[in-house]
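Written out below as structure tokens is the structure these notes cover.
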Amino acid sequence: MSLTVQVAGSAQTLPAGTSYAAALNNDKKFIAALVNGELRDLVSLAQDGEVIEGVELTSAEGLSILRHSTAHVMAQAVQQIWPQAHLGIGPPISDGFYYDFGNIDPLTPEDLDLVEKKMREIVNAQQKFSRRVVSESQAKSELAKEPFKLELVSIKGAPTDEVMEVGGAELTIYDNLDKDGNLVWCDLCRGPHIPHTGLIKAFKLMKTSAAYWRGSEKNPSVQRIYGTAWVTKEDLNGYLYRLAEAEKRDHRKLGVELDLFSFPEELGSGLPVFHPKGGVIRRAMEDYSRAMHEKAGYEFVYTPHITKSNLFETSGHLQWFADGMYPPMKLDEELNPDGTIRKPGVDYYLKPMNCPFHNLIYKSRGRSYRELPLRLFEFGSVYRYEKSGVIHGLTRVRGMTQDDAHIYCTREQMAGELKSLLDFVLNLLRDYGLDDFYLELSTKNAEKAMGSDADWEQATQALSEAAHASGLKLVPDPGGAAFYGPKISVQVKDAIGRTWQMSTIQVDFQLPQRFELEYQANDGNRQQPIMIHRALFGSVERFLGVLTEHYAGAFPPWLAPIQVIGIPVADTFNSYLDLIGNQLREHGVRVEIDKSDERMQKKIRNAQKEKIPFMLIAGEEDQAKGAVSFRYRDGTQVNAVAIEEAIRIITDSIKDRKQV
RNA sequence: GCCGCCUUAGCUCAGGGGUAGAGCAACGCACUCGUAAUGCGUAGGUCUCGGGUUCAAUUCCCGAAGGCGGCUCCA
């Protein structure tokens with residue numbers, strides 16, 4: 001009997017019992033097969049009618065398989081060292097893999113070295129990965145000592161994609177066999193795997209941490225070990241180099257080095273202060289944002305940072321968001337001499353969101369349909385009581401300023417408003433130098449939502465249409481919405497490919513109801529407006545943090561704290577540079593002249609470390625020609641530029657918000 | 001909030017039961033120089049904070065605060 005299959009696009013007839021490896025000509029570059037769109041081991045047997053393609057180690061799928069197999073090697077090593085350790089799950093992740101273990105003490109860096117050493121032995125032993133289909137009862141008896149695996153076997157009925165140990169039609173165990181075919185170790189796993197461990201040429205264990213079993217706080221903790229694996233040592237080194245580069249961009253580090261901001265311990269966790277240089281950047285960002293909002297028809301409002309609790313009762317925040325709020329301040333309580341309450345106090349809360357305040361502005365008088373859309377904008381400071389473990393530099397803080405606006409419009413206006421809003425958002429982000437985006441659509445979380453399904457449906461639909469109209473990639477985020485409505489968030493990729501959630505646009509039918517917002521329609525009836533919540537920076541703090549990392553601290557001139565530094569070849573040229581500096585200042589340029597006692601070389605080094613966009617160097621030759629010499633941050637120099645030309649170059653780059 | 005690790009001068013880091021060191025930065029003096037570090041000198045620390053053990057704690061133990069890496073969560 002023979003099989004007819006498609007191999008790499010061409011029809012072939014093969015004898016029954018042919019493995020995928022053989023079907024693929026035993027080509028060593030393949031480490032797995034893609035069969036009818038599903039990944040399989042090479043040693044599995046081809047079936048009639050299948051469409052077969054080879055998977056190379058260097059492909060995305062190949063790398064995932066390599067990393068998954070490396071996770072198995074690590075688990076084997078861990079169990080060889082600590083036999084009592086229970087196996088959790090061990091999937092590949094971007095750039096690497098992890099494996100979770102129960103019943104094991106937290107690992108030290110020395111422990112990791114030990115595991116790595118054991119892993120090398122396993123790799124050198126070239127163990128084969130051998131797949132074996134088992135029945136549920138067989139699996140349960142073989143895995144009697146693995147409580148987590150038993151749990152996975154019993155949830156197999158409802159397989160989830162993220163648990164790759166089980167899933168698909170059958171349960172499988174992968175045996176690791178030594179050169180003589182003896183069983184060394186085995187693990188419940190869906191597979192596929194690389195043919196043998198010898199293919200693992202470059203790996204490294206990166207870090208350990210605790211994690212919750214199956215991702216839920218309610219479950220027990222497991223110890224997670226993260227590792228990375230690559231096809232070659234060069235790839236591994238390249239990855240480690242990229243990590244080191246990313247670390248150099250860390251805004252927390254640059255914030256200190258460039259004297260931009262700090263987190264004084266005295267203030268408490270997650271509460272930043274901005275130093276003068278950080279303040280310049282922040283003001284430049286905010287000023288430009290204000291100007292653009294003004295042009296786009298927004299009106300500016302101001303609201304206080306605290307309020308009596310009834311506002312947040314009306315808005316529903318105390319019902320749905322209390323965990324994220326600072327506890328209340330109780331004021332004005334009066335007691336009788338016996339200690340009983342004579343006059344109850346009032347709770348005041350720091351505000352976690354600006355929307356209720358803007359609603360009060362809307363409600364301050366009757367509104368006409370002629371006023372809609374009404375766009376209220378505020379740089380609003382909000383405070384959220386974030387759990388201590390989640391605070392992270394400027395990207396996750398407890399006190400922040402949102403560039404927050406609320407748009408009140410009619411149902412008919414909503415779709416158009418959303419489209420133009422998305423356009424406005426993306427253009428503004430581009431002006432700040434971010435131009436690689438995708439969108440995420442966060443929809444209703446059944447456990448944490450108020451309002452009718454129909455309203456949610458309509459709001460989600462409108463957002464979805466606006467998103468599609470933008471032409472950007474749209475990723476669904478089921479259950480990710482806030483309690484009052486669905487949202488689109490703009491995910492921004494930075495210069496080294498990391499994504500950040502920045503802007504959010506949310507449609508809200510609920511708060512207008514809860515606040516009983518109204519407008520008078522052209523037919524004289526009273527109607528309820530729809531509210532759109534939106535923030536472009538997300539928070540000014542986070543945006544500044546992301547920009548710092550995006551630019552690695554080398555801000556474009558329009559944002560740079562010091563735009564130009566004058567460096568004299570010797571101090572006799574100080575006054576000549578002062579002349580140029582004063583002209584630049586008249587154009588509003590932030591310029592300093594370095595008149596310190598240092599040598600010129602040292603001044604250049606200092607300016608370089610401060611990442612100042614323009615160094616203007618002047619000595620005898622320049623002065624004689626009425627010129628200056630440019631040095632840029634990348635080391636290039638342009639000598640003998642006439643003063644007028646120099647001023648034009650600098651002011652143009654600032655005006656155009658160009659990077660230099 | 002959970003798990004682990006960390007906290008010594010402004011920064012980066014040595015050190016270690018008998019109250020401390022380096023480099024850079026700061027300050028002073030000399031040097032006046034053409035594209036990433038001139039030389040010499042001076043000053044700077046309740047060793048994060050609070051308890052405990054000890055004749056003696058910055059060092060060992062406990063707790064807190066802050067930080068870092070994850071988990072969970074999120075602008």
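Naming convention: chains lettered A, B, ... in sequence-line order (proteins, then strands); numbering from 1 in each chain.
- Within the structure, every side-chain polar atom (N or O) of A/Ser209 is placed at least 4.0 Å from both OP1 and OP2 of B/G69.
- Residue A/Gln223 places its side chain closer to B/C3 than to any other of B/C3, B/U72, B/C33.
- Regarding contacts with the backbone of B/A25, a side-chain N or O of A/Lys602 is found under 4.0 angstrom from either OP1 or OP2.
- Atom C1' of nucleotide B/A75 and atom NE2 of A/His317 are separated by 13 Å, given to the nearest angstrom.
- The side chain of A/Arg396 lies closest to B/C74 when the candidates are B/G67, B/C74, B/C3.
- Nucleotides B/G63 and B/U46 have their P atoms positioned 26 Å apart, rounded to a whole Å.
- The CZ atom of A/Arg605 sits 7 Å away from the P atom of B/A37 (whole-angstrom rounding).
- Rounded to whole Å, atom P of B/G66 lies 10 Å from atom CG of A/Leu271.
- Regarding A/Arg398, its CZ atom lies at a distance of 18 Å from the P atom of B/C73, rounded to whole Å.
- B/G17 and B/G45 have their P atoms separated by 25 Å, given to the nearest Å.
- Comparing B/A20 with B/C49, their P atoms are spaced 16 Å from each other, to the whole Å.
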### Verdict with supporting geometry, A/Ser629 and A/Asp622, side chain to side chain donor-acceptor pair (under 3.5 Å)
CA-CA 7 Å; A/Ser629 296; A/Asp622 294 290; 2.9 Å; yes
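- A/Arg252 has a side-chain polar atom (N or O) that falls below the 4.0 Å cut-off from OP1 or OP2 of B/G69.
- B/A25 and B/C3 have their C1' atoms separated by 37 Å, with the value rounded to a whole Å.
- Under 4.0 angstrom from either OP1 or OP2 of B/G69 there lies at least one side-chain N or O belonging to A/His392.
- Between the CG atom of A/Leu267 and the P atom of B/G67 there is a distance of 11 Å, given to the nearest Å.
- Proximity note for A/Ala210 (side chain, C-beta onward) versus B/C74, B/G70, B/A36: the nearest is B/G70.
- Across all strands shown, A/Arg224 has heavy atoms under 4.0 Å from sugar-phosphate atoms exclusively, and none from any base.
- Dashed line: the shortest gap from a side-chain N or O of A/Ser269 to OP1 or OP2 of B/G67 is under 4.0 Å.
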### Message
A/His275 vs A/Ser262, test: side chain to side chain donor-acceptor pair (under 3.5 Å). Steps then yes/no.
### Response
CA-CA 8 Å; A/His275 302 189; A/Ser262 60; 2.7 Å; yes
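- In this structure, the CG atom of A/Leu112 is 13 Å from the C1' atom of B/G70, given to the nearest Å.
- The CZ atom of A/Arg631 sits 5 Å away from the C1' atom of B/U35 (whole-angstrom rounding).
- Checking B/G1, B/C3, B/U38 against every side-chain atom of A/Glu217, the shortest atom distance belongs to B/G1.
- For A/Ile604, the side-chain atoms get nearest to B/U35 when compared with the rest of B/G66, B/C74, B/U35.
- Within the nucleic acid shown, A/Met206 has no heavy atom closer than 4.0 Å to any nucleic acid atom.
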### Query
Are A/Phe203 and A/Phe97 close enough, and set up right, to give a ring-ring contact (aromatic ring centres under 6.0 Å, His included), and what steps lead you there?
CA-CA 10 Å; A/Phe203 71 92; A/Phe97 59 88; 7.8 Å; no
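- The distance between atom OH of A/Tyr212 and atom P of B/G4, rounded to the nearest whole Å, is 12 Å.
- No hydrogens or angles considered: a donor-acceptor pair under 3.5 Å links the side chains of A/Arg224 and A/Tyr226.
- Contact annotation: A/Lys207 does not reach the phosphate of B/G69 (side-chain N/O to OP1 or OP2, under 4.0 Å).
- Ion pairing of A/Lys625 with A/Glu621 is absent here, as no side-chain N (NZ or NE/NH1/NH2) approaches a carboxylate O to less than 4.0 Å.
- With B/U35, B/C2, B/C31 as the candidates, the nucleotide lying closest to the side chain of A/Ser221 is B/C2.
- A/Tyr385 comes within 4.0 angstrom of the backbone, heavy atoms only, and of no base.
- Phosphate contact (OP1/OP2 of B/A75, side-chain N/O of A/Lys487, threshold under 4.0 Å): present.
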